[in-house]
Amino acid sequence: MSEVRVRIAPSPTGNLHVGTARTALFNWLFAKRHGGTFILRVEDTDLQRSEERYTQNIFDSLRALGIDWNEGPDVGGPFAPYTQMERLSLYQEFAQKLLAAGEAYYSYETEAELEAQRDAAKANGKPYAYRRPSAEVLAAQQADASRTKTLRLAVPENRGNIIVKDAIRGDVSFDSSLIGDFVLMKSTGSPTYNFAVVVDDALMKITHIIRGEDHLSNTPRQALLYEAFARLGLTSAELPVFAHVGMILAPDRSKLSKRHGATAVSDYIQQGYLPEAFCNFLSLLGWSPPDGEEIASLTRFAEHFDLTRIAHSPAVFEMDKLNWLNKHYIRELPIEDFARLAQPYLQDYDLSEYSHEHLLLMLDAVREPLTTLADVKAATSYFFGAGVTLDAQVVGETLMSDEASTVLGAFALQFRENVSFISPQALSDGLKELIQSLKPLKAKAILWPIRAALTGRVHGADLGKTLYLLGREKVLLRLDSALRLIARPPVSS
Ligand code: GLU
């Protein structure tokens with residue numbers, strides 16, 4: 001294979017979409033696998049919808065995911081510029097060459113006339129395809145100064161079937177008679193997507209075009225353009241290899257949209273999904289590793305990445321799977337990294353209540369059940385502040401019984417003075433002794449009220465670690481408030 005050159009060509013009309021991120025990732029993995037070049041090109045010719053902040057979001061999100069590029073607007077490269085609005089003169093140049101060679105021509109219909117043509121075809125039950133008007137009609141239109149002109153490709157008559165060779169789908173055939181002479185340059189002077197994409201892909205020597213299946217229907221038009229360029233000797237006659245990846249669907253099998261939750265990569269990252277987990281998840285949306293190992297680094301996936309293992313059927317965006325992966329990656333993080341990443345979610349707390357070492361111990365103690373980084377806020381809330389809010393249900397179910405009073409009384413007696421708060425182990429041992437001394441009460445009947453009194457809930461971090469981190473002062477303070485509450489329960493209305 002000649003040097004692999006692949007690209008991602010996002011339009012900055014929104015934040016980086018998960019579908020575009022998946023396409024970027026597949027191209028990146030393919031480039032890595034073959035020691036090739038991955039190019040980022042910004043397709044910003046839709047002036048109405050393109051915005052600089054979206055370009056920035058796309059760059060930032062790709063980088064956050066660990067997807068870097070060898071050539072692009074910011075890093076340059078041998079085929080610069082990599083932003084379409086900076087390449088307008090190239091499109092104009094190609095347009096003029098096609099025009100001069102009779103491969104393209106100007107058309108002058110108004111929007112209303114085109115609409116009428118489409119309606120007429122519909123009324124006759126025929127598929128619509130624009131055809132060049134007769135020489136007389138064209139001349140009359142041209143003479144009418146009120147009309148604007150668009151440049152169209154002269155699709156060769158009797159071109160027959162266009163066969164698109166797709167590495168995922170095999171040969172896909174399109175009937176060229178159904179393809180009208182399509183627009184290359186709009187009346188505004190800007191190129192259409194199909195025209196600009198082929199000029200760029202050809203000039204940038206792209207060898208493989210891996211993209212969403214939604215672009216399959218554009219491919220015969222693009223093939224016709226490659227053929228026209230080749231006839232003029234503008235580019236090589238060889239078409240890139242196409243690979244159209246199945247779409248990403250929501251769990252209800254409809255198109256993934258905002259209605260199903262976030263669609264932008266940056267939203268997921270903000271919600272506390274780790275970029276590594278998200279990338280791992282994206283890799284599995286339509287591709288599967290040959291060894292069946294679903295959790296692996298991108299470097300590892302890149303060793304195996306192969307277009308033949310990409311599914312043609314759509315992939316379903318399963319939130320449960322993303323959550324499962326994220327949980328895994330959170331648990332695997334070195335604790336210092338976890339602490340750094342958790343920091344933004346802990347801004348409401350006074351972290352100076354704890355030493356760095358104790359914070360690490362706390363975060364390690366709560367992380368097992370976390371699904372996202374954002375969950376760390378709720379999971380650590382009871383460690384901060386002197387007291388703790390006891391919710392009515394917890395009080396009613398766990399603290400309002402004779403057993404609970406006995407347990408808390410015994411706990412107070414033992415922990416007020418006899419147990420040292422020197423280490424989590426010392427406190428676990430203290431709890432074990434308490435359980436022994438309160439037999440035949442079950443461990444659960446002992447630990448639940450203690451946890452409820454000290455943390456306001458019945459689940460949480462290991463109790464020995466919790467007691468150690470809270471420290472004697474907070475423990476006794478909270479215990480005393482719980483004991484007061486039991487002695488004088490709130491009057492229920
Ligand atoms: N700008 C197009 C898109 O974002 C690029 C399509 C292509 O890869 O050819 O869908």
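For ligands, and for the atoms within them, numbers begin at 1 and follow the listed sequence. If you read the sequence from its start, that first residue is 1, and numbering goes on from there.
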- Task: Report, in ascending order of atom number, the atoms of ligand 1 lying under 4.0 Å from any heavy atom of Arg211.
- Result: 7 (C), 8 (O), 9 (O)

- Note on the structure: Of all protein heavy atoms, the one nearest atom 9 (O) of ligand 1 is Tyr193 OH, 2.6 Å

- Task: Please identify which atoms of ligand 1 are closer than 4.0 Å to at least one heavy atom of Val197.
- Result: 9 (O)

- Item | More than 12 heavy atoms from other groups under 6.0 Å of CD on Glu93 | yes

- Ion pair Arg169/Glu213, N-O distance below 4.0 Å: yes

- Item | Heavy atom of the protein closest to atom 4 (O) of ligand 1 (residue, atom name, distance) | Ala9 O, 3.5 Å

- Message: Between Glu109 and Arg152, does any side-chain N to carboxylate O distance fall below 4.0 Å?
- Response: no

- May I ask you to identify the nearest protein heavy atom to atom 8 (O) of ligand 1, giving residue, atom name and distance to one decimal place in Å? Arg7 NH1, 2.6 Å

- If you measure from the Lys or Arg side-chain nitrogens to the Asp or Glu carboxylate oxygens, is any gap between Glu111 and Arg118 under 4.0 Å? yes

- So is Arg457 actually on top of Tyr382's ring, under 6.0 Å and inside 45° of the axis? no

- Can you tell me the protein heavy atom closest to atom 10 (O) of ligand 1 and the distance? His215 NE2, 2.8 Å

